[in-house]
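Below, all heavy atoms of this structure are taken into account, side chains as well, without hydrogens, waters or symmetry copies. Quantities reported herein were computed from a predicted structural model and do not represent experimental measurements.
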Amino acid sequence: MSIELTTDFAGLSNEDWFDALDDVAEEHGHFERVGANHAAAFIDQGKKLLVTFETFPEICEQSEVMEPRGFQAARDFGWSHLAIVARGESWFRDLRLYQYFDRLTDDGFFEDFDEVLFFGTHRGGYAAGAYAVAAPGSRVLSIRPVATLDPQIANWDRRYLEARRTDFSTRYGFAPDMIDATQHTFVVFDPQEDLDAMHAALFTRSNVTKLRMPRMGTKLDHNLDEMGILLPLMEYAMNGDLTEASFAELYRSRRDFVPYLRQFVGWLERKRDYSRAAAICRYVLSEGKRPYFAQRLRQIEEKAAREEKMNATRAAQ
């Protein structure tokens, strides 16, 4: 039976938001400031624990009600939830955070739960893998994770040059090494995003399953949310039911997800596969009025006609 988890975070500034999170967590569990840059909010209700890693800017962007992702999972599934939240664009590399997880391990915190799932996206995906070592036998669901920004290992990733000054070589450092004791880790990524795919390759382990979302770009968590399958994905991962086959079944919803279909049409057009691109446009238009796809269909048909005419001319010469 899940608790009545009520929040009123929308529109709050950074400091007021953390104060409000403090109030909610203290009502249902506990709250702790972890150094100057992070906080831990624990919702205590079930024997399954979801641990999430997020930043305040990400929460403001992804949630209209400005609450951590795990709150809805706590409501829907009756899970306990530990939210590790950073004030800014943190990589969760902080001595006080290491000490916090050390204390949880020493206190046997994770042993109180039947199942533990670590979850995060990108920066949070890095942290989900890195801190999972604190709970051997847990599972990890990591969306487009970074393995490390240590220039000795990932000098090819130049997206976060300032963050590369952060020390990724000490405790909880190289995320792929920290997942060795997990029961299973799931890495979700778009193989056509080169840098994300290179980081995903570093997570190659016998206990890792890679779940590919080609042509979905870098907003994978948002897309999964909009398709309505992020929470089911978490539930599958928590319960040990997530496999490549079960993910593929969930991911079939992309066939009606307009942002994906736009990307797919563009990809097919660049490959000059006009027949399939036009077929997708007609499929979308059969479901209702979509001016964008109507315009793209006209353009694709014109390109196909021009190419057919050019080929006919060449053949006649």
Non-hydrogen side-chain atoms of [X] and [Y] separated by less than 4.5 Å:
X    : Y    : answer
F9   : F71  : yes
I59  : E67  : no
F119 : M238 : no
I153 : L202 : yes
T204 : K210 : yes
D241 : S246 : no
F109 : L49  : yes
M213 : L224 : yes

Hphob cluster co-occupancy, M234 + V188, side-chain heavy atoms under 4.5 angstrom: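 As far as the 4.5 Å side-chain criterion goes, V188 and M234 are connected within one cluster.
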Shared hydrophobic cluster, L233 / V208 (ILVMFWY, side-chain heavy atoms < 4.5 Å):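 In one cluster with L233: V208, no.
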Counting only heavy atoms not in [X] (residues, nucleotides, ligands), do more than 12 fall under 6.0 Å from its [atom1]?
X    : atom1 : value
E308 : CD    : no
E15  : CD    : yes
R87  : CZ    : yes
E287 : CD    : yes
R33  : CZ    : yes
E111 : CD    : no

Test log, rule side-chain contact (heavy atoms from CB on, under 4.5 Å), inputs V34 and D94: CA-CA 9 Å; V34 185; D94 187 307; 5.8 Å; no
Could you report the tightest heavy-atom contact between [X] and [Y], atom names first, then the distance?
X    : Y    : result
N155 : R164 : O-NH1, 3.6 Å
A25  : I43  : CA-CD1, 4.1 Å
L12  : D16  : CD1-O, 3.9 Å
A40  : Y100 : CB-OH, 3.3 Å
T243 : L211 : O-CD2, 4.3 Å
V133 : P136 : O-CD, 3.7 Å

State whether the side chain of [X] and the backbone N or O of [Y] hold a donor-acceptor pair below 3.5 Å, judged by distance alone.
X    : Y    : value
R96  : A36  : no
E235 : F77  : no
T55  : A86  : no
N223 : M216 : yes
N207 : I179 : yes
S138 : V116 : no
S80  : Q45  : yes
N311 : E307 : yes

Hydrogens and angles aside, do [X] and [Y] bring a side-chain donor and acceptor to less than 3.5 Å of each other?
X    : Y    : value
D196 : T218 : no
R296 : Y292 : yes
R75  : Q72  : yes

F174, W156, Y126, Y160 screened by ring-ring contact (aromatic ring centres under 6.0 Å, His included) with H199, the one that passes: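 Single pass found, and it is W156.
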Is [X] salt-bridged to [Y], cutoff N-O under 4.0 Å?
X    : Y    : value
K47  : D114 : no
R282 : E301 : yes
K303 : E269 : yes
K219 : E61  : yes

Solution key, residues 249-268 side-chain donor-acceptor pairs under 3.5 Å, sequence neighbours excluded:
residue	atom	partner	partner atom	Å
S253	OG	L250	O	3.1
R254	NH1	Y251	O	2.9
D256	OD1	Y283	OH	2.5

Derivation of the side-chain contact (heavy atoms from CB on, under 4.5 Å) call for N239 and E115: CA-CA 8 Å; N239 295 336; E115 308 286 352; 5.6 Å; no
Steps toward side-chain contact (heavy atoms from CB on, under 4.5 Å) verdict (F247, T209): CA-CA 11 Å; F247 175 73; T209 296; over 6 Å; no
Parallel, tilted or perpendicular: rings of Y172 and Y98 (30°, 60°):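 Ring orientation, 0 to 90° scale: tilted.
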Whether H38 and F92 hold their rings parallel, tilted or perpendicular, with breakpoints at 30° and 60°: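 Aromatic pair H38/F92 classed tilted.
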F186 six-ring face occupied by R139 cation (under 6.0 Å, within 45°):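 No, R139 and F186 do not form such a contact.
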Criterion side-chain contact (heavy atoms from CB on, under 4.5 Å) on T166 and L149, from CA distance to verdict: CA-CA 8 Å; T166 303; L149 290 182; over 6 Å; no
